[in-house]
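Here is the structure we will look at, set down as structure tokens.
Protein chains get the first letters and strands the later ones, always in sequence-line order, with residue 1 at the start of each.
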Number of protein chains: 2
Amino acid sequence: MPNIMDSAFKSISILYRKSHIWFNDGCAQYALTGAQAVVILIVCDFEVLTQDGITKRLGLDKSVIAKTLTKLEKTGFMIRTINAKDKRTYDIRPTEKAREVYPFVKEQMDVCFQRMTQQMTDTERAEFKRLLLLAAEASIALDS
Amino acid sequence: MPNIMDSAFKSISILYRKSHIWFNDGCAQYALTGAQAVVILIVCDFEVLTQDGITKRLGLDKSVIAKTLTKLEKTGFMIRTINAKDKRTYDIRPTEKAREVYPFVKEQMDVCFQRMTQQMTDTERAEFKRLLLLAAEASIALDS
DNA sequence: CCAATTTGGTGGCATTTGCAACTAGTTATT
DNA sequence: AATAACTAGTTGCAAATGCCACCAAATTGG
């Protein structure tokens, strides 16, 4: 297939969609969607977060996080308690069940990145990751 | 905001969603969605393509391309003619209207990439683009 | 040359995400 | 202290995408 691509923008679209299909498949064995798995990872990493904290760190709309958390609470992965200092907000905490799947979900995520970068050298892969983080942080900072 | 991110996978999600919001906004003035604009770019670049050719090059599902093209034909950006050699397939060609918006849409896409990489040096930006294309091509090749 | 398989395209349905309007609680202004 | 402005979260709706089942044409294998 000649000249598949010339644009970084299109590349990002392709990488997003492909990696999410892979990640969703990988998470299905734990009865989780990709979106739910990502939330589990970030909440476990921080131990406690508000919904807004998750929203800002993932660059998703707050309504998306609200819906995902409702599901995760129902399925026993998260606990929501009203914050005493600010009654508008919830403290979101992982359950033991969440901590149990954490390493496996993390592994799935790494596998996805490994797969898309399999023809890169270790140096290239590390540089790719560094630039991705840099661009993502800048993008989040831009509209907030 | 401390430790926003640690994972390349999450970064790709963020970059995709943010850049698509920007791109959609940028394309709205031409009465185009981001998805439609991307199809216009690729069809103009190749002059003629089948729906399957577009599908493979963008890594999207074939039903998505079918729906997008139906819309683009209705709004006068694309022409579909049945291929004489293979009556199952369409030859998709851009109209003059498509060629007219092409440079502006391309510009919007570049602006998005520029925005997310604004703190990079020119060298970093070029390297980032190279690695994105490399990973995207590999991802497409993987499941086809 | 006929049957089986493959390929390109369509339509329906489900999921993910984003936006806008809304509620309730908090902070700032006067 | 009262009101205005802001912030966290919820809900409903719309758009984008993916998957599946299906159809029609083409290719392959006997």
Report task. Send over the distance from B:Lys74 NZ to C:dT10 C1', rounded to a whole Å. Result -> 13 Å
Query raised in the report: CG of A:Asp91 versus C1' of D:dA8: gap in Å, rounded?
Result: 12 Å
Using a cutoff of under 3.5 Å, can you pull out all pairs of nitrogen or oxygen atoms linking the protein to nucleotides 15-22 of chain D, with atom names and distances?
{"from": "D:dG18", "atom 1": "OP1", "to": "A:Arg17", "atom 2": "NE", "distance (Å)": "3.4"}
{"from": "D:dG18", "atom 1": "OP2", "to": "B:Asp61", "atom 2": "N", "distance (Å)": "3.1"}
{"from": "D:dG18", "atom 1": "O6", "to": "B:Lys67", "atom 2": "NZ", "distance (Å)": "2.9"}
{"from": "D:dC19", "atom 1": "N4", "to": "B:Ser63", "atom 2": "OG", "distance (Å)": "2.5"}

Report task. Return the orientation label for the A:Tyr16 and A:His20 ring planes: parallel under 30°, perpendicular over 60°, tilted otherwise. Result -> tilted
Report task. Give the rounded distance in Å between these two atoms: CD1 of B:Ile92 and C1' of C:dT10. Result -> 13 Å
Query - Check: B:Arg115/B:Ser19 side-chain N/O donor and acceptor closer than 3.5 Å - result: no
Write out a two-atom table: protein N or O, nucleotide N or O from nucleotides 25-29 of chain D, distance below 3.5 Å.
{"from": "D:dA26", "atom 1": "OP1", "to": "B:Lys87", "atom 2": "N", "distance (Å)": "2.9"}

Query raised in the report: Given atom CD1 of A:Ile65 and atom P of C:dC19, what is their separation to the nearest angstrom?
Result: 14 Å
Query raised in the report: Is the shortest distance from a Lys or Arg side-chain nitrogen in B:Arg93 or B:Glu73 to a carboxylate oxygen in the other one below 4.0 Å?
Result: no
Query raised in the report: Separation of A:Leu32 atom CG from C:dT15 atom P, in whole Å?
Result: 15 Å
Query - Taking every non-hydrogen atom, the tightest pair across B:Ile12 and A:Met116 - result: CD1-SD, 3.6 Å
Query raised in the report: Would you say B:Tyr30 has more than 12 foreign heavy atoms packed within less than 6.0 Å of its OH?
Result: yes
Report task. Apply salt bridge (charged side-chain N to carboxylate O under 4.0 Å, His left out) to A:Asp25 and list each qualifying residue two or more places apart in sequence or on a separate chain. Result -> none
Requested in this report: Could I get the full list of salt bridge (charged side-chain N to carboxylate O under 4.0 Å, His left out) partners for A:Arg17, not counting sequence neighbours?
Outcome: none
Query raised in the report: Listed by chain and number, what are the salt bridge (charged side-chain N to carboxylate O under 4.0 Å, His left out) partners of A:Glu100, not counting sequence neighbours?
Result: none
Query - Transitive ILVMFWY side-chain link B:Phe23 to B:Val111, under 4.5 Å - result: no
**Report entry** Lys/Arg-Asp/Glu bridge criterion (N-O < 4.0 Å) met for B:Arg130, A:Glu124
**Finding:** yes
Query raised in the report: Between D:dT7 atom C1' and A:Tyr90 atom OH, what is the distance in whole Å?
Result: 15 Å
Query raised in the report: Does a nitrogen or oxygen in the side chain of B:Gln51 sit under 4.0 Å from OP1 or OP2 of C:dT7?
Result: no
Report task. State, without any angle test, whether A:Thr50 and A:Asp52 hold a side-chain donor-acceptor pair at a distance under 3.5 Å. Result -> no
Report task. Would you work out how much the helix from C:dC1-D:dG30 to C:dT30-D:dA1 bends between its ends, with each end axis defined by five base pairs, to 10 degrees? Result -> 30°
